[in-house]
Amino acid sequence: MISIIIPTLNEAGQLPVTLEKIRANSAPHQIIIADGGSSDATLEVAKRQGAEIIRAEKQRSSQMNAGAKAARGEIFLFLHADTHLPSSSLSQIESALKDEGVVGGGFARRFDSNSIFLRGTCALATWRSRRFGLFLGDQGIFVRREIFARLGGFKEMTAFEDVDFSRRLAQCGKTATLQPAVVSSARRFEKRGPFLTTCRDLWLTVNYATGWKNYSAR
């Protein structure tokens, strides 16, 4: 069984479609909503669709670690509330992990946007994932249960917990980048636009990579 762990905070608008897409997958799965204190209808949506709910400290890394503690599956999939899985995704994860050398991985990703610029960034992200085994949270990171335990889960970080985890995951063995791509919301690009938001993300990533910890505004 695959335990799908979704950290949420006021995601009532996005969550229904995300859960419907998961239900379209035929592989056995468990859905865990790790909520950080939603004040909207997020928990009502989760209950209606039969998801298990746990409450955790409002920080994505803490929420995902709490979800993993409640998970019963031998495979964990960490999924953002605004990221939609194709109907074949869970079976693809099972197939990829039939290779005992594969410890985990993620998916190629595209945004629900017609922006050519964003299509380009997604192509680069897929290349990065295949070449270096680095995945972002909206790519749907999956991992074997025993490997997650060996790594000690996600580090308690305000940002870049996904990059840190996938970097450590790649050091444990082979990772797989699966297609077709998951579809992630482009809503975070609405305020500044795709180009300026991507430049800001790159600046924060450089700060993180060089050890300057001033990246909490992500």
Side-chain angles (χ1 to χ4, degrees), residues 1-97 104-113 122 135-145 148 153-154 161-162 165-166 176 178-190:
M1 183 171 65
I2 298 175
S3 292
I4 304 165
I5 299 158
I6 305 175
T8 58
L9 181 65
N10 296 328
E11 292 287 3
Q14 297 286 332
L15 196 57
V17 176
T18 300
L19 295 179
E20 288 171 10
K21 295 291 185 181
I22 293 172
R23 296 296 189 198
N25 279 260
S26 58
H29 57 267
Q30 170 195 23
I31 302 174
I32 299 173
I33 300 298
D35 191 68
S38 293
S39 57
D40 66 357
T42 295
L43 300 185
E44 286 78 4
V45 170
K47 289 176 184 176
R48 281 200 305 268
Q49 299 215 26
E52 299 177 30
I53 298 169
I54 62 167
R55 292 170 174 81
E57 178 187 349
K58 186 178 72 173
Q59 180 170 283
R60 187 173 285 162
S61 56
S62 300
Q63 290 169 240
M64 292 190 292
N65 285 335
K69 289 180 181 177
R72 300 189 300 274
E74 290 305 312
I75 303 167
F76 297 164
L77 169 60
F78 297 94
L79 189 69
H80 284 189
D82 61 357
T83 298
H84 302 157
L85 294 177
S87 60
S88 61
S89 295
L90 299 186
S91 3
Q92 284 183 286
I93 292 173
E94 291 180 327
S95 296
L97 292 179
F107 289 84
R109 174 206 61 203
R110 64 181 178 88
F111 292 108
D112 59 353
S113 166
C122 289
F135 299 90
L136 299 181
D138 58 4
Q139 291 181 258
I141 297 173
F142 62 91
V143 58
R144 296 181 189 273
R145 183 188 194 99
F148 185 83
F154 290 93
E161 74 290 331
D162 45 7
F165 181 81
S166 63
L178 305 181
Q179 286 186 314
V182 296
V183 181
S184 191
S185 171
R187 59 181 172 167
R188 69 185 188 89
F189 299 100
E190 292 174 355

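No donor-acceptor distance shorter than 3.5 angstrom exists from the side chain of E11 to the backbone of D82, with no hydrogens or angles considered. Side chain of R145 to main chain of A71: a donor-acceptor pair is present (N/O by atom type, distance under 3.5 Å, no hydrogens or angles). Put simply, the side chain of T18 gets close to the backbone of A81: a donor and an acceptor are under 3.5 Å apart.
Contact annotation: the side chain of D162 never approaches that of Q139 to less than 4.5 Å [non-hydrogen atoms, C-beta and beyond]. Annotation: side chain of E20 is in contact with side chain of Q49 (closest heavy-atom distance under 4.5 Å). Between L90 and L77, the closest side-chain pair of non-hydrogen atoms falls below 4.5 Å. R60 has its side chain within reach of H80: a pair of non-hydrogen atoms, C-beta onward, lies under 4.5 Å apart. When side chains are defined from C-beta on, R48 does not count as touching P16, because their heavy atoms never get closer than 4.5 Å. Annotation: side chain of D40 is not in contact with side chain of V45 (no heavy-atom distance under 4.5 Å). A 4.5 Å side-chain heavy-atom check between N25 and S89 finds at least one atom pair inside the cut-off. In this structure, F107 and T83 have side chains that are not in contact, with every pair of non-hydrogen atoms separated by 4.5 Å or more.
Taking every heavy atom of both residues into account, A181 and P86 meet most closely at O-CG, 3.3 Å. The two residues F135 and S166 come nearest to each other via the heavy atoms N-OG, 3.1 Å. Here the shortest heavy-atom pairing between F154 and E161 reads CD2-O, 3.6 Å. For the pair A186 and D112, the tightest heavy-atom approach, listed with the atom from each and the gap, is N-OD1, 2.7 Å. For the residue pair Q63 and D35, the shortest heavy atom distance occurs at NE2-C, 3.8 Å. Considering all non-hydrogen atoms of both residues, E52 and R72 come closest at OE2-NH1, 2.9 Å.
The 12-atom threshold is not exceeded at CZ of R110, counting heavy atoms of other residues, nucleotides or ligands nearer than 6.0 Å. The 12-atom threshold is not exceeded at CZ of R55, counting heavy atoms of other residues, nucleotides or ligands nearer than 6.0 Å.
How far CD1 of I5 is from CZ of F76: 5.5 Å, rounded to the nearest 0.5 Å. R187 CZ to S113 OG: the interatomic distance, rounded to the nearest 0.5 Å, is 14.5 Å. Going from atom CG of L9 over to atom NZ of K58 covers 6.0 Å, rounded to the nearest 0.5 Å. Taking CD1 of I75 as the start and CD1 of I4 as the end, the distance is 10.5 Å to the nearest 0.5 Å.
Of the listed residues (E74, Q30, H29), just one forms a side chain to side chain donor-acceptor pair (under 3.5 Å) with S3, and that residue is Q30.
Separation of the F165 and F148 ring centroids falls under the 6.0 Å cut-off.
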**Study point:** L15 and I33: CA distance, side-chain angles, deciding distance, side chain to side chain contact (heavy atoms under 4.5 Å, CB included) verdict
**Key:** CA-CA 10 Å; L15 196 57; I33 300 298; 4.1 Å; yes
Check your understanding: Given R23 and I31, is the side chain to side chain contact (heavy atoms under 4.5 Å, CB included) satisfied, shown in steps?
Key -> CA-CA 10 Å; R23 296 296 189 198; I31 302 174; 3.7 Å; yes
